[in-house]
Q: 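Encoded as structure tokens, here's the structure I'll be asking about.
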Amino acid sequence: MKVLVCVKRVPMTGGRIVLTEDEQAIETKHLGFAVSPHEECGVEEAVRLVEQHGGESVVLTLGPAEAEEQLRDAMAIGSDRGLHLVTDGEEWDPEATAGAILAAIRTDEAASGPFDLIFFGNESADSGGYQVGLRVAHALGRPCATGLKGVVVAGTTVRCEQEVGGGRDVYELPLPAVVTVLEGLNLPRYPSVPGRMRAGKKPLDLSSPERPASRLERSRLVVPAGESKQAEVLGRGPEAAPAVVDLLQQIGVAS
Amino acid sequence: MTALVLIEHVDGAPTDVSLQALTLARSLGDDVHALLIGPGGSEAAESIPATVTHVAEHDALDAFAPDAWASIVCELAARIAATAVVAPGSEHATDVMARAAVRLGEPLAANCTAVTPGNPITLTRIRWGGSLLEEARLHTGRALLTVAPHAVAPADPGSPGAVEPFVPELADADLVVRVRDRVAPPAGGVSLADAKVVITGGRGVGSAEGFAPVEELAGLLGGAVGCSRAVTMAGWRPHTEQVGQTGNKIAPEIYVACGVSGATQHIAGCKGAKRILAINTDPEAPIMSVADYAVIGDLHEVLPAISAELRRRGA
């Protein structure tokens with residue numbers, strides 16, 4: 001199988017989001033970065049598929065030069081090679097992102113054959129547009145199922161389980177197909193030290209797409225008016241137990 | 001301005017989030033049309049306060065097929081010359097709207113909380129699962145929006161308009177992706193979604209075994225156990241129990257966060273709780289700024305004491 005996973009580099013925001021002075025971005029000076037959570041599971045799933053069926057798993061990102069870190073992370077847990085669409089760090093909207101990824105897929109497929117399965121995260125942790133995977137699938141004319149917590153390849157089809165209202169809707173798509181996945185699909189492995197060593201030597205293909213103008217134009221970001229509360233301290237240590245039970249009884253959840 | 005709102009329905013009634021989408025669409029203008037698709041649609045249509053409520057009926061619509069739904073949205077939007085198409089930000093409707101957007105060659109603004117008509121339309125949408133808001137301008141003559149669940153009040157019932165059934169044109173290709181089967185949620189126990197009390201353990205629990213007092217208290221209160229992302233990633237608990245932006249988003253009567261630092265990723269999942277009680281050794285932890293109540297202490301000492309006190313009073 002030839003499998004592609006598209007990932008996004010996002011900051012690890014921690015306890016409180018702080019914006020840059022121009023209100024256009026999150027202040028990331030003191031933050032680390034990671035692969036957006038849903039896509040981390042996409043990388044793991046693609047690696048497992050190739051372990052099971054043979055073939056090649058490719059990881060792609062559209063992001064600044066520093067996003068090579070996330071591609072190497074994916075390679076450390078088993079992705080075979082990377083495609084880096086290098087940006088100047090400006091945010092790309094979902095239409096532009098899908099357009100650049102589509103072009104990269106077409107180039108790669110022309111050179112080394114079609115991807116049987118393409119993974120996206122259902123939505124990115126930061127901008128949460130919920131559409132890049134579907135846009136790419138439509139342009140490729142391939143079926144797509146979204147929000148998946150189960151992806152099983154059997155022969156020429158892929159069984160997809162979509163989480164909806166506690167239960168799961170099941171789809172069966174003919175390959176080649178596109179899937180957008182959710183965290184919980186699997187538990188991604190930790191990279192081993194030899195895995196990290198190998199990752200640095202795996203092939204990485206760079207390109208620099210042009211960013212088109214956005215029709216969904218960001219004016220500014222706003223941290224929601226903090227319900228910054230002063231918690232009422234019920235006590236310290238085990239001595240607080242009677243006060244906690246008083247509270248539970250008062251609100252009617254304990255008899 | 002004519003807005004078209006995709007209304008989801010269950011058991012012959014519109015969903016709450018769909019009525020919220022109707023509210024948001026009304027802020028764009030008075031001419032609001034509704035669209036219901038599939039079995040039960042005509043029953044649910046009777047109560048919808050819209051200029052016209054369109055009901056798409058077709059034998060092939062018994063099972064959810066997102067490309068077919070997108071095709072219907074596009075067909076009707078063209079027929080009524082809709083200048084905006086609005087849907088709830090639920091799993092299925094979001095999927096359908098993204099497919100409609102690419103078919104129509106339009107941008108899609110997901111999870112809006114407010115919108116103001118004009119050229120361009122200005123809107124507010126959520127990022128980071130609600131931890132951050134974005135104000136944006138949408139440059140198009142046909143605005144496609146989904147509405148963040150529970151961000152606006154549902155529309156008043158009002159007076160329903162005409163109900164017009166129609167048979168949409170569907171291509172075979174639109175039925176390739178369709179629901180073949182449904183797996184019911186696991187039976188037994190109290191689900192996180194329905195629990196009135198949720199006892200959540202974070203990294204501070206320390207190990208899989210460390211969850212014993214968390215489980216004990218949840219059991220005594222008839223509540224559910226939750227966990228943070230750090231716990232899931234460590235493999236201590238299954239992802240089905242994870243509360244947060246990429247896990248469950250819940251709204252219990254009381255949320256007891258034990259050894260949870262309170263990262264924005266986590267708060268996005270529990271901020272709907274009526275009350276938050278934080279049990280943490282660190283009085284400066286970020287969780288304290290969203291908690292209503294706090295106990296400063298080690299959860300491994302505090303939780304058994306609470307369980308013992310409950311037993312004592314129950315005896």
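What you see is a predicted model, and the numbers here were worked out from it, not measured in a lab. Every chain is numbered from 1 and lettered A, B, ... according to where its sequence line falls, protein lines coming before strand lines. Heavy-atom basis, side chains included; hydrogens, waters and symmetry copies ignored.
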Q: If you tally heavy-atom pairs under 4.5 Å against chain B, which of Cys160(A), Cys144(A), Gly129(A), Pro174(A) wins?
A: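 The residue among Cys160(A), Cys144(A), Gly129(A), Pro174(A) with the greatest pair count is Cys144(A).
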Q: So, the side chain of Arg135(A) versus the backbone of Ala98(B): is there a donor-acceptor pair under 3.5 Å, distance only?
A: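 No; zero donor-acceptor contacts below 3.5 Å.
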Q: Examine whether an atom of Leu221(B) lies under 4.5 Å from a heavy atom of chain A, and if so say whether it belongs to the side chain, the backbone or both; otherwise answer neither.
A: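 Both the backbone and the side chain of Leu221(B) come within 4.5 Å of chain A.
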Q: Specify which of Arg229(B), Arg178(B), Arg125(B), His266(B) makes the most heavy-atom pairs with chain A at under 4.5 Å.
A: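 Greatest number of close heavy-atom pairs with chain A: Arg229(B).
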Q: So what's closer than 4.5 Å to chain A heavy atoms on Asp298(B): side chain, backbone, both or neither?
A: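 No part of it gets close to chain A.
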Q: Heavy-atom cut-off 4.5 Å, strictly under: side chain, backbone, both or neither for His239(B) against chain A?
A: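 Looking at His239(B), just its side chain touches chain A.
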Q: So, are Glu91(A) and Arg127(B) salt-bridged, with charged N and O less than 4.0 Å apart?
A: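 Yes, this pair counts.
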Q: Considering only heavy atoms, which portion of Thr246(B) lies under 4.5 Å from any heavy atom of chain A: side chain, backbone, both, or neither?
A: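 Contact with chain A: backbone and side chain both.
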Q: Just by distance, do the side chain of Gln245(B) and the backbone of Ala125(A) share a donor-acceptor pair under 3.5 Å?
A: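 Side chain of Gln245(B) to backbone of Ala125(A), a donor-acceptor pair under 3.5 Å: yes, one is there.
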Q: Let's test your reading of the structure: which of Arg103(B), Met288(B), Gln265(B), Glu134(B) forms the most heavy-atom pairs below 4.5 Å with chain A?
A: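 The option with the most such pairs is Glu134(B).
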Q: Verify, without hydrogens or angle tests, whether Arg180(B) (side chain) and Arg159(A) (backbone) share a donor-acceptor contact under 3.5 angstrom.
A: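 Between the backbone of Arg159(A) and the side chain of Arg180(B) there is no qualifying donor-acceptor contact (under 3.5 Å).
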Q: So, Gln131(A) side chain and Leu108(B) main chain: donor-acceptor pair closer than 3.5 Å or not?
A: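 Confirmed, Gln131(A) side chain pairs with Leu108(B) backbone.
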Q: Please flag which part of Val179(B) lies under 4.5 Å from any non-hydrogen atom of chain A: side chain, backbone, both or neither.
A: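 Looking at Val179(B), backbone and side chain both touch chain A.
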Q: So which of Glu123(A), Glu40(A), Glu161(A), Glu239(A) has the largest heavy-atom pair count under 4.5 angstrom toward chain B?
A: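 The option with the most such pairs is Glu40(A).
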Q: What part of His92(B) gets closer than 4.5 Å to chain A, counting heavy atoms only: side chain, backbone, both or neither?
A: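 For His92(B), side-chain heavy atoms alone lie under 4.5 Å from chain A.
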Q: Need one label for Asn186(A): side chain, backbone, both or neither, based on atoms under 4.5 Å from any heavy atom in chain B.
A: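 For Asn186(A), neither part sits under 4.5 Å from chain B.
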Q: Between Asp246(A) and Glu309(B), does the side-chain contact (heavy atoms from CB on, under 4.5 Å) criterion hold? Intermediate values first, please.
A: CA-CA 10 Å; Asp246(A) 287 348; Glu309(B) 179 69 11; over 6 Å; no
Q: Let's go through Leu247(A) and Ile254(B) carefully: what are the C-alpha distance in whole Å and the side-chain angles of both, what is the deciding distance for side-chain contact (heavy atoms from CB on, under 4.5 Å) to 0.1 Å, and is it a yes or a no?
A: CA-CA 10 Å; Leu247(A) 171 68; Ile254(B) 185 162; 4.0 Å; yes
Q: Given heavy-atom pairs under 4.5 angstrom as the criterion, report whether the side chain, backbone, both or neither of Gln242(B) touches chain A.
A: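 The side chain, not the backbone.
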Q: Could you look at Pro66(B) and say if it's the side chain, the backbone, both or neither that has a heavy atom under 4.5 Å from chain A?
A: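 Side chain only.
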Q: Where on Ala184(B) is there a heavy atom nearer than 4.5 Å to chain A: the side chain, the backbone, both, or neither?
A: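 Contact with chain A involves the backbone of Ala184(B) alone.
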Q: Can you say whether Arg16(A) sits under 4.5 Å from chain B via the side chain, the backbone, both, or neither, judging by heavy atoms?
A: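 Just its backbone gets close to chain B.
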Q: Any side-chain to backbone donor/acceptor pair from Arg99(B) onto His138(A)? Under 3.5 Å, distance only.
A: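 Not a single qualifying donor-acceptor pair exists.
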Q: Test Leu132(B) against Leu19(A) for side-chain contact (heavy atoms from CB on, under 4.5 Å), laying out the working first.
A: CA-CA 10 Å; Leu132(B) 189 60; Leu19(A) 299 178; 3.8 Å; yes
Q: Tell me, for Pro185(B) versus chain A, whether the close heavy atoms (under 4.5 Å) come from the side chain, the backbone, both or neither.
A: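 Both parts, backbone and side chain.
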Q: As an exercise, state the distance from CG of Asp169(A) to CD of Glu91(B), rounded to the nearest 0.5 Å.
A: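 It is 9.5 Å, given to the nearest 0.5 Å.
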Q: With a 4.5 angstrom heavy-atom cut-off, which part of Arg137(B) approaches chain A: side chain, backbone, both or neither?
A: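 When you check distances to chain A, atoms from both the backbone and side chain of Arg137(B) fall under 4.5 Å.
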Q: Would you mind checking which part of Pro37(A) comes under 4.5 Å of any heavy atom in chain B, side chain (CB onward), backbone (N, CA, C, O), both or neither?
A: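 Both backbone and side chain.
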Q: Kindly determine whether Val244(A) and Tyr293(B) satisfy side-chain contact (heavy atoms from CB on, under 4.5 Å), including the steps that lead there.
A: CA-CA 9 Å; Val244(A) 171; Tyr293(B) 305 97; over 6 Å; no
Q: Please check if atom CG in Asp22(A) has more than 12 non-hydrogen atoms from other residues, nucleotides or ligands closer than 6.0 Å.
A: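 Yes.
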Q: Please state whether the side chain, the backbone, both or neither of Met97(B) comes within less than 4.5 Å of a heavy atom of chain A.
A: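 Neither the backbone nor the side chain of Met97(B) comes within 4.5 Å of chain A.
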Q: Do you know which of Leu277(B), Val302(B), Thr122(B), Asp181(B) has the most heavy-atom pairs with chain A at a distance under 4.5 angstrom?
A: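 With the most close heavy-atom pairs to chain A, the winner is Asp181(B).
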